[in-house]
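Working notes for the structure below.
Note that ligands are numbered from 1 as they come in the structure, with each ligand's atoms numbered from 1 the same way. Position 1 is the first residue of the sequence; numbering continues from there.
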Amino acid sequence: MPRWPYPRIVAHRGGGKAAPENTLAAIRLGAELGFGGVEFDVMLSGDGVPVLIHDQKLERTTSGRGLVSAHSAAQLARLDAGAWKGRRWRGEPVPRLEQAAELCRALGLWANVEIKPANGFERRTGEAVARAARALWQGAPLAPVLSSFSPLALGAAREAAPELPRGLLLKRRIPPHWLEMTRDLECVALHCEGRLLTQALVRAMHDAGVAVLAWTVNDPRAASKLLRWGVDCLVTDAVKRIGADFAAAAPRRGFWRRLRPK
Ligand code: G3P
Ligand code: MG
C-alpha cells in the first residue's frame, strides 16, 4: 500500500471558492471540475445527526440564526445554505453526512471528512462521525480519511471505527512533538497548514512513515513547491488555478523553469 493511496489534489469544502462551501452543489462542482477527492466539515445537529457545516453558528453560510447544536437535523435541512454565495445557488440545503457520502460514492469521489466538533462535543462528534462513516463507506474502494484539529475527537473516532484512517490537523504551528501526537492517535497523516511546512519537515514526516497533507494552498507557486518537496496531498480553494491535474503538470513546470536561459 503506498503511503498516500488517495488523490493528490483535493477541493476544499467541496468545491473550493467556486461554490457554497459544504453543500451537495459544491461536491458536484468538485467532481465536474475533475477532482478525485473533496474535503468537507462535519458537525452534529442538536439531535446528534452529522451534517456538513464549518461554523458553530449558522449566520455566515445559511439563512438560519444561532448555534448549529440548537437545531435538529430536520430544522437544518430547511435552511438555505447556498444563497449567501449568489442567487444561482439558492435553495441548497445543509446536507447530512449520509447525503454527502452517497453523492461522493455515486460520483467516484474520495472524501476527507473533517470532524468539526462544536465546543464541548468533541468526543461525541468523533464517535458519531466515525460510526456513520464506517457504515456509509462500507465496501468503498477508498475509505474516507477522518481528520480533526481535536485530539479528543480523533481519539473517539479511533475507538468507534479503528479501521478508518485518521489525519491530525495542525494550524499556526507544528509542535515539536508532532510524531508522538501522530503515534498516540494512530494517524496515517499530518494535515498541516501549507505555509508552515519546510522541505526538512516533509522529509522527517515521511521518514517516520507519516503522509503529509497541506491545506489550504491557493497560490500555484506555493503548490508547485510543496509538490516538489513530495507533499502527498494539497487541499485547495483555488479550484480553477490549481486544478485536479496540477500535480501531473507541476514537476514539468519546474523542469522547464530550470532549463530556461537566465
Ligand atoms: O481540512 C483542512 C481545512 O479544512 C482545515 O481548516 O477551517 O477550513 O476547516 P478549515
Ligand atoms: Mg475543513
When you measure from the side chain of [X] to the backbone of [Y], do you find a donor-acceptor pair of N or O atoms at a distance under 3.5 Å?
X: Arg90; Y: Asp80; result: no
X: Lys85; Y: Lys17; result: yes
X: Asp47; Y: Ala73; result: yes
X: Trp229; Y: Gln199; result: no

For this session: If you link ILVMFWY side chains whenever their heavy atoms are less than 4.5 Å apart, which other residues fall into the same cluster as Val188? By chain and number, please.
Result: none

Problem set entry | Pair Glu59 + Lys57: basic N to acidic O under 4.0 Å |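 No, no charged N to carboxylate O under 4.0 Å.
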
For this session: Inspect the contact between Arg131 and Glu127 and indicate whether a charged nitrogen and a carboxylate oxygen are less than 4.0 angstrom apart.
Result: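 Judged by the 4.0 Å cut-off on N to carboxylate O distance, Glu127 and Arg131 do form a salt bridge.
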
For this session: Give the protein residues with at least one non-hydrogen atom closer than 4.0 Å to an atom of ligand 1, ordered by chain and number.
Result: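 Near ligand 1, by chain and number: His12, Arg13, Glu39, Asp41, His54, Glu114, Lys116, Phe149, Leu169, Trp215.
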
Exercise. Is there a side-chain contact between Phe246 and Ser224 (heavy atoms, below 4.5 Å)?
Worked result: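 Side chain of Phe246 against side chain of Ser224, heavy atoms only: contact under 4.5 Å found.
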
Problem set entry | For the Mg ion (ligand 2): protein N/O/S atoms at distances below 2.8 Å | 3

Could you go through residues 101-112 and list every donor-acceptor pair under 3.5 Å that involves a side-chain atom there, pairing it with any protein atom two or more places apart or in another chain?
| from | atom 1 | to | atom 2 | distance (Å) |
| --- | --- | --- | --- | --- |
| Arg105 | NH1 | Leu136 | O | 3.0 |
| Arg105 | NH1 | Gln138 | O | 2.9 |
| Arg105 | NH2 | Gln138 | O | 3.3 |
| Trp110 | NE1 | Ala143 | O | 3.0 |
| Asn112 | ND2 | Val145 | O | 3.1 |
| Asn112 | ND2 | Ser147 | OG | 3.0 |

